[in-house]
**Q** 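Have a look at this one.
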Amino acid sequence: MPALNYEPVVLKPLTGPLPPLSAIQEEILALKRERNAVILAHNYQVEEIQRVADYVGDSLGLSYQAAQSKADVIVFCGVHFMAETAKILNPSKPVILPDLEAGCSLSDSCPAEQLAAYKKANPGLYVVAYINCSAGVKELSDVICTSGNAVKIVQRVPADREILFVPDKNLGAWVSQKTGRKMRLWDGCCYAHVLFTVEALEKLKNQFPDAPVVAHPECVEAVRAYADEVCSTELMVKFARENPAERIIVVTESGMLHRLRREVPHKTFIAGPTDTCACNDCKFMKLNTVEKLRDALKTLSPQIHLSAETIARAHAPIQRMLDWSK
Ligand code: 13P
Ligand code: SF4
């Protein structure tokens with residue numbers, strides 16, 4: 001078996017306390033208090049942002065936090081569709097995204113106009129949309145799901161309805177396998193998760209034979225089949241806590257390793273590799289930086305703006321998801 005031609009990224013157990021916060025991180029905390037803002041951060045954000053956030057989690061957890069928030073301002077450190085979801089759930093509050101260019105290739109793979117045309121040509125479909133989609137696509141959907149609740153949501157769809165699952169064909173295929181429910185799958189994917197390969201994982205496994213592999217369902221089928229567990233980023237924390245292994249290979253965006261190390265400090269986390277890289281960053285998630293977060297809190301911009309009609313129409317399928325996943 002040929003070896004990897006790069007050094008694996010390995011986060012060793014945390015032995016002492018975390019390093020003190022930097023001046024800019026302290027500035028962010030002071031501005032946050034002044035603004036009565038809440039900082040919600042996705043697991044893929046850089047570590048410096050994760051450390052100043054009020055909540056760090058997956059798309060499902062972040063949606064619940066956004067729905068329950070009592071803060072005056074929501075600062076969302078994640079990508080555009082996540083901040084849009086927070087705005088739909090909190091129409092009267094400013095929702096700030098530190099970099100408005102933080103998009104998502106998966107969301108882009110299903111433009112609302114194309115979905116509208118598909119629905120028109122194929123009437124009667126029940127549309128289950130992965131939360132990684134635009135507000136325009138949410139408006140056209142019957143229910144939203146995240147990777148954390150997709151199986152549960154699909155199981156709740158009336159049995160006599162044919163499902164169209166958008167936009168991720170990999171998550172959709174995984175849900176289909178888990179539920180036994182046939183679904184039409186939109187031809188979309190996450191540009192970052194499809195880069196993980198079994199070949200690279202086999203080489204890494206040679207170096208860490210005792211380490212189980214946990215993978216995100218946005219990975220391709222061969223990688224999902226190779227993994228010991230397939231789950232959302234939040235459930236990866238549970239897996240890391242409960243699995244007896246001391247070292248775990250984590251096949252998702254590299255920011256996840258920081259969350260895992262803080263939550264399960266006595267274990268070692270190894271980044272899932274691609275054929276050319278020891279770990280995999282989402283270029284959109286990484287557009288947010290502590291400097292942009294500080295400036296966003298100072299200026300209360302850039303904000304997410306959606307029309308009242310879009311908010312009203314997109315709210316119903318999100319609310320259905322929140323109700324069905326209780
Ligand atoms: P999670 O909901 O599992 O955090 O996934 C979100 C995402 O964008 C994965 O690429
Ligand atoms: Fe979108 Fe993929 Fe980035 Fe997740 S990792 S935000 S699915 S591009």
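Treat the numbers as computed from the prediction; the structure is a model and nothing was measured.
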**Q** Judged by modelled atom types alone, do Asn43 and Thr233 share a side-chain donor-acceptor pair under 3.5 Å?
**A** yes
**Q** Test: side chain to side chain donor-acceptor pair (under 3.5 Å). Region: residues 220-230. Which pairs qualify, not counting sequence neighbours?
**A** Gln177-Glu221
**Q** For residues 135-146, which side-chain donor-acceptor pairs fall under 3.5 Å, sequence neighbours excluded?
**A**
from, atom 1, to, atom 2, distance (Å)
Lys138, NZ, Ile131, O, 2.9
Lys138, NZ, Cys133, O, 2.7
Glu139, OE1, Arg313, NE, 2.5
Glu139, OE1, Arg313, NH2, 2.9
Glu139, OE2, Thr310, OG1, 3.1
Ser141, OG, Val137, O, 2.7
Asp142, OD2, Val127, N, 2.7
Thr146, OG1, Gly148, N, 3.1
Thr146, OG1, Asn149, N, 3.4
Thr146, OG1, Asn149, OD1, 3.4

**Q** In the hydrophobic cluster built from side-chain contacts under 4.5 Å, what are the other members alongside Val52?
**A** Leu21, Ile24, Ile28, Leu29, Leu31, Ile39, Val46, Ile49, Val73, Val75, Ile96, Val290, Leu293, Leu297, Leu300
**Q** State whether Lys238 and Glu234 are salt-bridged, where the test is any N-O pair (Lys NZ or Arg NE/NH1/NH2 against Asp/Glu carboxylate O) under 4.0 Å.
**A** no
**Q** Listed by chain and number, what are the side-chain contact (heavy atoms from CB on, under 4.5 Å) partners of Ala83, not counting sequence neighbours?
**A** Phe76, Val95, Leu97, Ile304
**Q** Would the number of heavy atoms belonging to other residues, nucleotides or ligands and lying under 6.0 Å from CD of Glu47 be above 12?
**A** yes
**Q** For residues 161-175, which residue pairs pass the salt bridge (charged side-chain N to carboxylate O under 4.0 Å, His left out) check, not counting sequence neighbours?
**A** Glu162-Arg184, Lys169-Asp187
**Q** List in chain and number order the residues that pass salt bridge (charged side-chain N to carboxylate O under 4.0 Å, His left out) with Lys286, two or more places apart in sequence or in another chain; answer none if no residue qualifies.
**A** Glu253
**Q** For Phe284, which residues count as a ring-ring contact (aromatic ring centres under 6.0 Å, His included) partner, sequence neighbours excluded?
**A** Tyr191
**Q** Sequence neighbours excluded, which residues qualify as ring-ring contact (aromatic ring centres under 6.0 Å, His included) partners of Phe165?
**A** none
**Q** Taking only residues two or more places apart in sequence, or in another chain, which ones meet Trp186 in a ring-ring contact (aromatic ring centres under 6.0 Å, His included)?
**A** Tyr118
**Q** What residue pairs, at least two apart or across chains, pass salt bridge (charged side-chain N to carboxylate O under 4.0 Å, His left out) with a residue in residues 5-29?
**A** Glu27-Arg294, Glu27-Lys298
**Q** For Ala200, give me all partners under side-chain contact (heavy atoms from CB on, under 4.5 Å), at least two apart in sequence or on another chain.
**A** Tyr6, Thr197, Pro273, Asp275
**Q** Between Gln45 and Met285, what is the shortest heavy-atom contact and its length?
**A** NE2-O, 3.1 Å
**Q** Not counting sequence neighbours, which residues clear side-chain hydrogen bond (donor to acceptor under 3.5 Å, both in side chains) with Thr85? List them please.
**A** none
